[in-house]
Amino acid sequence: MPRPENPATGNENQNRVTASGATASPWLGILARSAASGGAIALLLAVAAALVTSPAAALSVGFGAVVVIAFFGISLLIGHYTGKTNPSGALGLFAVTYAIKVVGFAAVLFFLGTPGWLDRTWFFSGALATVIAWQVAEVFAFSRVRTPLYDDADAAAVADGLSSGTSSTAPSLAPAETPAEGRRDG
């Protein structure tokens with residue numbers, strides 16, 4: 001509203017921030033943030049493991065981090081590819097994929113066995129630290145995703161049609177029937 005200290009000049013809307021829409025496809029961004037977070041923690045822990053114990057301990061931390069990042073990254077990649085074509089089916093696909101990943105990763109790790117160089121304590125520490133960093137980054141990234149709850153595009157089209165009077169989707173403001181003049185019921 002114009003005031004004497006801020007007179008109306010016609011360019012009031014230049015400084016306004018426009019409303020943003022939904023996040024187009026958040027999955028790859030969430031994957032990048034989560035992987036960077038988990039990788040950074042794993043790198044710090046690997047350096048500590050190499051300095052305190054041995055290079056094999058650093059490799060163990062790295063192996064644990066790679067397993068965790070691959071495990072969680074597959075889900076976000078599936079979300080990226082299915083979210084475009086079937087967003088409502090993505091949750092069911094996540095559940096099925098999770099079961100397949102648990103069995104698949106367990107089978108691979110079981111059949112590979114424990115390498116001789118693997119330090120179990122550092123492997124567990126690296127995997128655990130990566131999981132915690134990944135989950136924190138993922139929750140934070142998901143909290144920043146814009147997901148519209150209502151279809152504002154249809155409401156905007158109806159409002160635009162009402163103001164211009166040309167839209168066929170605009171509801172009629174006239175009553176459906178008008179009673180005949182002088183007609184009495186009953």
Side-chain angles (χ1 to χ4, degrees), residues 15-154:
N15 295 331
R16 289 196 178 168
V17 176
T18 60
S20 61
T23 306
S25 180
W27 306 108
L28 292 180
I30 293 170
L31 174 62
R33 287 182 179 176
S34 300
S37 176
I41 291 294
L43 183 63
L44 290 174
L45 196 57
V47 169
L51 293 174
V52 172
T53 308
S54 68
L59 287 175
S60 299
V61 169
F63 183 57
V66 166
V67 168
V68 168
I69 290 171
F71 185 85
F72 288 119
I74 290 171
S75 296
L76 293 174
L77 287 174
I78 286 174
H80 173 70
Y81 290 111
T82 62
K84 293 178 182 178
T85 58
N86 187 10
S88 61
L91 188 59
L93 196 55
F94 281 144
V96 170
T97 304
Y98 185 79
I100 292 170
K101 288 188 310 184
V102 167
V103 171
F105 273 79
V108 167
L109 292 175
F110 178 74
F111 289 122
L112 283 179
T114 305
W117 53 266
L118 187 78
D119 185 327
R120 292 174 189 237
T121 304
W122 284 108
F123 174 80
F124 175 76
S125 300
L128 181 64
T130 305
V131 165
I132 292 170
W134 181 285
Q135 292 298 309
V136 168
E138 191 174 44
V139 167
F140 184 78
F142 267 118
S143 72
R144 300 296 186 253
V145 172
R146 293 186 49 88
T147 305
L149 298 177
Y150 305 103
D151 192 7
D152 291 339
D154 289 343

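When a residue number appears, it is its place in the shown sequence, counting from 1.
You'll find the side chain of K101 reaches within 4.5 Å of the side chain of I74, heavy atoms only. Side-chain contact between L45 and S125 is present, with heavy atoms from C-beta onward closer than 4.5 Å. A heavy-atom distance below 4.5 Å is not found between the side chains of T114 and F123. Side-chain atoms of L28 and L77, non-hydrogen and from C-beta on, do get closer than 4.5 Å to each other.
At distances below 3.5 Å, at least one donor-acceptor pair connects side-chain atoms of S60 with backbone N or O atoms of D119. T97 contributes a side-chain N or O that, together with a main-chain N or O of L93, makes up a donor-acceptor pair within less than 3.5 Å. Listed for the S34 side chain is no donor-acceptor partner under 3.5 Å among the backbone atoms of L31.
Rounding to the nearest 0.5 Å places CZ of F142 at 11.5 Å from CZ of R33. Summarising the geometry, atom OG1 belonging to T130 is positioned 6.0 Å from atom CD1 belonging to I69; distances are rounded to the nearest 0.5 Å.
Listed here is the closest heavy atom pair of V61 and A49: CG2-CB, 4.1 Å. When all heavy atoms of V68 and A127 are compared, the pair lying nearest together is CG2-O, 3.6 Å. Taking every heavy atom of both residues into account, F105 and V67 meet most closely at CE2-O, 3.8 Å. Minimum heavy-atom separation, A137 to S37: CB-CB, 3.6 Å.
Note: F72 and Y98 fail the aromatic proximity criterion, with ring centroids not under 6.0 Å apart. For W27 and F94, the gap between ring centers is short of 6.0 Å.
The side chain to side chain donor-acceptor pair (under 3.5 Å) test applied to S54 returns no partner, not counting sequence neighbours.
Using bins of under 30°, 30° to 60° and over 60° for the plane-to-plane angle, the ring pair F63/W117 lands in the perpendicular bin.
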